[in-house]
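Down below is the structure, laid out as structure tokens.
When a residue number appears, it is its place in the shown sequence, counting from 1.
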Amino acid sequence: MSQVSLNDNPLLHLLTESQPWTPPPRWQRYAVAVGSVALALAVSLLFRPVFERGPFLLFFLAVAVSAAYGGLKPGIVATVGGMFAVNYFFTPPFYTLLVDLNSLVRLLVFFATAAVVGWLYERRQHAEESAQTRAEWFYTTLTSVGDGMIATDTQGHIIFMNTVAAALTGWNSSEAVGRPIQEVFHVVNEATRQPVDNPVLKVLERGVIVGLANHTVLIARDGTERAIDDSGAPIRNRRRELIGTVLIFRDVTASRQAETAVRDARAQLSEILESIDDAFYAVDKNWRFTYINQKAAETWGKTPEALVGQNIWEVFPGGVDSEAYHQLQQAMQTRHSVRFETYSSYLNEWVSVSAYPGQNGGLVVYFRDITERKRREEHLQTLYTLTAQLSQAVTLDEVGGVITSLALRVLPAKASSVSLLSETRQEMEVRWDSNMTPETRDRWQVFPITMPWPINDVVRTGKPQWFETRAARLAAYPATAEFEPYPGAWAVLPLNVKQRTLGAITIAFQTDRAFPDDEREFLLAVADQCAQAIERARLYEQAREIAVHEERQRLARDLHDAVSQTLFSASMISESLPRLWQRSPDETLAKINQLNRLTRGAMAEMRNLLLELRPTMLLNSRMGDLLQQLTEAIKGRKNIAFSVVLDDQQPLPEAVHVALYRIGQEALNNMVKHSQASEASVIYRSAPDRVELTISDNGIGFDITGTQAGFGMSTMRERAEAVNARLNVTSQPGQGTTVSVIWEKP
């Protein structure tokens with residue numbers, strides 16, 4: 001190993017000197033001063049002839065020794081002692097302390113010179129003590145530093161190694177000193193296991209600071225491997241000459257493992273974020289993108305690299321002041337998560353957004369396309385609305401109006417129409433339309449089923465036709481070219497009910513458009529609902545016609561059974577009156593009274609029939625008048641003596657008014673048909689909060705338990721229950737019948 005002097009290599013001085021210089025005790029320092037003066041005096045006296053001309057020479061040496069050993073104060077003591085010795089023994093007059101001016105000057109010069117010598121020795125002693133203290137401090141610091149440290153000479157041999165370096169390399173400091181650095185500091189590449197260039201040798205070669213390559217492993221003396229990070233630096237003297245190197249290294253195994261774990265976690269997180277179906281991005285507190293997964297970038301039609309670092313509102317300025325903007329601002333300010341659904345004009349789709357507070361005051365945001373779900377919800381809502389509106393539409397015209405208006409509102413379409421097949425099944429008729437031009441309406445109001453037309457083919461096959469482009473429609477049906485007001489896509493949907501096709505719905509658009517599968521299914525569901533509504537309206541109209549016909553027949557029967565027979569009886573009586581008058585005037589008078597009764601009965605029957613034909617007359621008539629009219633009609637048909645008590649003061653709700661009238665009418669009709677009564681009573685009393693109607697007769701009566709389910713009884717009970725009234729029927733065979741209905745105001 002090369003030898004470098006301490007003066008040339010201060011680092012070696014600091015590292016090799018482990019103990020500082022300690023000054024001797026005070027008494028010893030002053031003893032040396034006194035002894036030095038005494039020795040100088042003895043030698044001067046012994047060799048007086050030699051030192052007589054220069055008596056201060058030995059005393060200068062005594063002062064130097066005293067100052068060098070004991071410091072300034074012992075040097076001063078030696079100086080003063082030397083002055084007195086020279087003055088007493090070597091300055092005339094001898095052996096006395098008296099001095100002349102010349103001798104005094106010589107003594108003062110000696111004192112000054114000796115004092116300067118003592119001061120210089122004192123300063124040197126302090127400098128040496130300070131240097132020793134610093135050497136100890138540096139030695140302790142280098143030994144206890146947390147990183148490993150190895151110092152080498154210019155040949156790469158170790159001259160110092162601290163305890164951390166000894167622990168990491170497995171070499172004791174005493175064993176390592178003097179050995180080549182490659183022998184103690186053995187490093188290889190973690191992946192290839194090939195030796196790595198030693199940084200110390202690179203420093204010696206280049207004279208600059210050198211660091212280890214990444215993934216470097218230190219193999220200790222016992223074979224233990226540690227990942228390390230290090231750097232080597234040159235050591236230069238004051239003349240900037242290279243005199244050695246210092247190598248600093250540390251164990252980074254734990255941090256390397258932590259970095260690997262963090263890197264793996266980030267890679268796993270990135271893999272998760274890239275594999276999820278949701279689009280994801282993160283922004284910092286200044287709204288700058290910090291991460292965008294591939295799904296979000298593709299959704300926006302951009303690349304993650306182009307977005308990271310950009311302000312989201314500068315990239316998408318159209319989003320400012322949107323619902324998403326305000327919701328995300330709220331999440332950023334309150335540091336609370338938000339979830340919302342909104343329509344994105346940029347994407348032209350509905351999105352579901354979830355935003356959560358992120359690190360450093362930012363946000364992490366997930367969003368996904370929910371347009372299909374929103375479309376399905378809209379379709380369901382449309383079907384619900386359609387069902388509700390069609391359920392309220394009774395006539396065919398009402399149904400057609402709902403269909404055509406709904407098609408325009410939901411899709412939206414340019415125009416729509418509903419065409420129905422005629423009863424002869426030879427023609428198609430456009431029954432309802434929306435936004436069709438007058439010319440088109442007149443031209444296509446009725447057209448034969450045989451002409452080549454999309455509606456005709458849909459009705460014949462029962463299958464829909466979809467024309468997403470004008471070109472496709474013209475290729476299939478060139479005649480549709482005249483429909484220039486509707487130049488876009490067409491959808492023609494069959495109206496199918498129970499394997500029968502009633503007609504078709506045509507929906508025309510301004511421009512070409514696609515019909516996705518879900519929209520096709522939705523439109524076919526709408527068509528099915530409309531077809532059922534049309535069929536129901538048809539059946540309703542047929543039922544209404546049948547009901548009108550049956551009602552006419554009933555009225556005809558009533559006219560025949562009641563009015564006609566009564567009038568026939570009156571006619572017969574009137575014809576017999578002249579002959580009867582000549583035979584018996586009294587009997588003639590009785591026949592006239594009977595004729596009068598029959599006439600009033602016929603008039604009452606006619607008024608009742610008019611009430612059936614004009615229900616408003618029923619509501620506008622007083623209950624007492626209606627009951628009186630019913631009894632008059634019965635008197636015309638049956639010889640029954642009626643007792644009528646009518647207290648008709650309070651108006652009734654319409655439903656209660658009709659129910660009481662129908663119950664009274666049914667009870668009186670049953671009396672005429674079944675009771676064989678000769679006497680009857682009708683009592684009607686009304687109060688502000690209570691109404692009671694009682695009809696009694698003295699007829700044959702019946703067993704009420706056996707006829708409880710009879711049609712007349714069940715009808716009266718249903719009418720009473722409909723208005724929350726109480727119906728009581730009492731009867732026994734041979735004891736007549738009483739029907740009582742009571743309604744109380746709730």
Side-chain angles (χ1 to χ4, degrees), residues 386 389-390 393-467 470 472-474 476-510 515 520 522-542:
L386 177 64
Q389 293 182 3
L390 290 178
V394 177
T395 66
L396 278 172
D397 288 339
E398 292 175 346
V399 171
V402 170
I403 295 172
T404 54
S405 64
L406 189 69
L408 296 183
R409 186 170 67 251
V410 171
L411 292 173
K414 173 68 175 177
S416 63
S417 66
V418 178
S419 304
L420 297 182
L421 186 63
S422 66
E423 293 183 0
T424 63
R425 305 187 67 83
Q426 298 300 317
E427 293 179 331
M428 294 296 300
E429 179 184 2
V430 178
R431 292 290 301 271
W432 309 282
D433 66 82
S434 179
N435 284 2
M436 287 184 66
T437 63
E439 296 79 9
T440 303
R441 186 179 296 109
D442 295 340
R443 169 72 175 81
W444 296 97
Q445 186 70 45
V446 178
F447 51 92
I449 191 69
T450 56
M451 70 176 298
W453 198 251
I455 296 176
N456 295 338
D457 290 344
V458 166
V459 171
R460 280 195 296 266
T461 63
K463 297 180 180 180
Q465 291 203 32
W466 313 93
F467 303 102
R470 179 177 182 272
R473 173 166 52 83
L474 293 179
Y477 299 95
T480 60
E482 65 180 272
F483 279 78
E484 286 308 316
Y486 322 107
W490 281 21
V492 185
L493 314 172
L495 295 170
N496 295 326
V497 175
K498 296 180 181 179
Q499 299 180 350
R500 291 187 302 112
T501 303
L502 307 179
I505 300 176
T506 304
I507 305 173
F509 296 85
Q510 183 67 35
F515 295 103
R520 295 189 179 193
F522 162 69
L523 291 176
L524 291 175
V526 169
D528 289 341
Q529 290 276 357
C530 295
Q532 294 175 15
I534 291 174
E535 181 69 5
R536 186 175 64 251
R538 276 184 167 181
L539 294 175
Y540 170 79
E541 291 187 352
Q542 292 175 3

Could you grab the distance from atom [atom1] of [X] to atom [atom2] of [Y], nearest 0.5 Å is fine?
X: Trp490; Y: Ser416; atom1: CH2; atom2: OG; value: 12.5 Å
X: Ile455; Y: Thr480; atom1: CD1; atom2: OG1; value: 11.0 Å
X: Glu427; Y: Asn456; atom1: CD; atom2: CG; value: 11.0 Å
X: Ile505; Y: Leu495; atom1: CD1; atom2: CG; value: 4.5 Å
X: Trp432; Y: Ile534; atom1: CH2; atom2: CD1; value: 5.0 Å
X: Leu502; Y: Arg431; atom1: CG; atom2: CZ; value: 11.5 Å

Got a sec, which residues hit side-chain hydrogen bond (donor to acceptor under 3.5 Å, both in side chains) with Gln532, two or more places apart in sequence or on another chain? none

According to the interplanar angle, ranging from 0 to 90°, do the rings of Trp466 and Phe515 count as parallel (below 30°), tilted (30 to 60°) or perpendicular (above 60°)?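 Rings of Trp466 and Phe515: tilted, as their planes differ by 30° to 60°.
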
What are the two closest heavy atoms between [X] and [Y], and how far apart are they?
X: Pro494; Y: Ala527; result: O-CB, 3.7 Å
X: Val458; Y: Ala504; result: CG1-CB, 4.2 Å
X: Leu421; Y: Ile449; result: CD1-CD1, 4.1 Å
X: Asp528; Y: Asn496; result: OD1-O, 4.4 Å

So, are Lys498 and Glu535 salt-bridged, with charged N and O less than 4.0 Å apart?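 No, this pair does not count.
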
Residue pair [X] / [Y], side-chain heavy-atom distance below 4.5 Å:
X: Ile507; Y: Leu493; answer: yes
X: Arg538; Y: Leu420; answer: yes
X: Val446; Y: Met428; answer: no
X: Leu474; Y: Phe467; answer: no

Looking only at atom types and distance, does a side-chain atom of Gln445 sit under 3.5 Å from a main-chain N or O of Val430, one as donor and one as acceptor? yes

